[in-house]
Amino acid sequence: VQLQASGGGLVQAGGSLRLSCAASGRTFSSYVMGWFRQAPGKEREFVAAISRSGDSTNYADSVKGRFTISRDNTKNTVYLQMNSLKPEDTAIYYCAAKPGVYSLKSGSYGNWGQGTQVTVSS
């Protein structure tokens with residue numbers, strides 16, 4: 001599956017953005033989807049994941065209560081709604097896909113989008 005992320009941009013602290021990740025192919029619903037981010041000088045970190053059917057989600061503690069991951073299997077798209085953004089949320093955000101078992105570990109995801117930059121100003 002090929003992934004194309006979009007929706008990043010520059011926003012003031014407290015603002016909101018919605019990221020989208022469009023997937024090619026006919027088997028989108030067979031993939032667990034995740035969002036990860038990488039800030040300058042830091043390692044890539046887990047943000048959120050959603051099960052194949054969308055009935056199960058997980059979040060990093062740092063975004064819990066502010067970010068919401070969702071998916072529309074009819075549109076082959078996964079979303080990340082980001083509210084109450086903070087300067088420390090500034091990073092390149094990547095969507096990723098993996099077949100099979102649910103996972104929060106970036107190393108288990110074999111398909112990655114190109115990333116979209118999110119910058120939160122204070």
Side-chain angles (χ1 to χ4, degrees):
V1 63
Q2 292 184 323
L3 305 173
Q4 180 74 37
S6 62
L10 173 64
V11 63
Q12 289 188 332
S16 298
L17 283 174
R18 187 175 84 153
L19 305 184
S20 299
C21 177
S24 63
R26 301 178 181 178
T27 59
F28 177 71
S29 60
S30 66
Y31 287 85
V32 172
M33 299 299 297
W35 285 97
F36 297 81
R37 67 187 182 186
Q38 187 166 18
K42 295 187 177 181
E43 294 187 352
R44 188 172 298 185
E45 64 175 3
F46 167 77
V47 175
I50 188 166
S51 63
R52 290 172 287 176
S53 64
D55 61 354
S56 182
T57 57
N58 282 85
Y59 298 92
D61 288 343
S62 59
V63 308
K64 205 170 290 183
R66 299 187 297 121
F67 290 12
T68 302
I69 188 172
S70 62
R71 68 190 295 162
D72 186 339
N73 286 344
T74 66
K75 296 182 178 179
N76 284 9
T77 303
V78 62
Y79 305 97
L80 185 68
Q81 178 67 45
M82 305 186 294
N83 299 328
S84 302
L85 282 161
K86 304 176 181 180
E88 51 263 44
D89 295 319
T90 295
I92 300 174
Y93 283 70
Y94 299 90
C95 60
K98 71 175 299 295
V101 180
Y102 197 70
S103 174
L104 310 183
K105 298 181 179 180
S106 63
S108 64
Y109 286 75
N111 301 85
W112 291 83
Q114 85 289 1
T116 184
Q117 176 71 48
V118 171
T119 303
V120 184
S121 62
S122 57

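What you find for Val118 and Gly8 is that their closest heavy atoms are CG2-CA, 4.1 Å. When all heavy atoms are compared, the tightest approach of Gln117 to Thr119 is NE2-OG1, 3.3 Å. Contact detail for Gln81 and Ser16: the closest heavy-atom pair is NE2-CB, 4.0 Å. Here the shortest heavy-atom pairing between Ser29 and Arg71 reads CA-NH2, 4.0 Å. When all heavy atoms are compared, the tightest approach of Ala23 to Phe28 is CB-CD1, 3.4 Å. Residues Val78 and Ser70 come closest through the heavy atom pair CG2-O, 3.1 Å.
Remark: Phe36 pairs with Phe46, Tyr109, Trp112 by the ring-ring contact (aromatic ring centres under 6.0 Å, His included) rule, at least two apart or across chains.
Between Asp61 and Lys64, at least one side-chain N (NZ, or NE/NH1/NH2) sits under 4.0 Å from a carboxylate O, which counts as a salt bridge.
How far OG1 of Thr68 is from CG of Leu80: 8.0 Å, rounded to the nearest 0.5 Å. Atoms OG1 and CZ, on Thr27 and Arg52 in that order, are 11.5 Å from each other to the nearest 0.5 Å. Atoms CD1 and CG, from Ile69 and Asn58 in turn, are 9.5 Å apart once rounded to the nearest 0.5 Å. Rounding to the nearest 0.5 Å places CE of Met33 at 14.5 Å from OG1 of Thr57. Between the NZ atom of Lys98 and the NZ atom of Lys105 there is a distance of 11.0 Å, given to the nearest 0.5 Å.
Residues Tyr79 and Leu19 fall into different hydrophobic clusters, defined by Ile, Leu, Val, Met, Phe, Trp and Tyr side chains chained together at heavy-atom separations under 4.5 Å. Linking ILVMFWY residues whenever their side-chain heavy atoms come closer than 4.5 Å, directly or via other members, leaves Leu104 and Tyr31 in distinct clusters. Hydrophobic clustering, with ILVMFWY side chains joined whenever heavy atoms are under 4.5 angstrom apart, groups Tyr93 together with Val1. Tracing side-chain contacts under 4.5 Å through hydrophobic residues (I, L, V, M, F, W, Y), one reaches Val63 starting from Leu85; they form part of the same cluster.
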Test Arg37 against Ser62 for side chain to side chain contact (heavy atoms under 4.5 Å, CB included), laying out the working first. CA-CA 12 Å; Arg37 67 187 182 186; Ser62 59; 3.4 Å; yes

Apply side chain to side chain contact (heavy atoms under 4.5 Å, CB included) to residues Arg66 and Met82 and explain how you reach the verdict. CA-CA 6 Å; Arg66 299 187 297 121; Met82 305 186 294; over 6 Å; no

Using side chain to side chain contact (heavy atoms under 4.5 Å, CB included), reason through Phe67 and Leu17 one step at a time and then give a plain yes or no. CA-CA 10 Å; Phe67 290 12; Leu17 283 174; over 6 Å; no

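Between Val47 and Tyr94 the shortest side-chain heavy-atom distance does not fall below 4.5 Å. Looking only at side-chain heavy atoms (C-beta outward), Ser121 and Gln12 come within less than 4.5 Å of each other. A 4.5 Å side-chain heavy-atom check between Ser30 and Pro99 finds every atom pair outside the cut-off.
A donor-acceptor pair under 3.5 Å is formed between the side chain of Thr90 and the backbone N or O of Val120. Using a distance-only test at 3.5 Å, with no hydrogens or angles considered, no donor-acceptor pair links the side chain of Gln38 to the main chain of Ala91.
Around atom CD of Gln2, no more than 12 heavy atoms belonging to other residues, nucleotides or ligands sit under 6.0 Å away.
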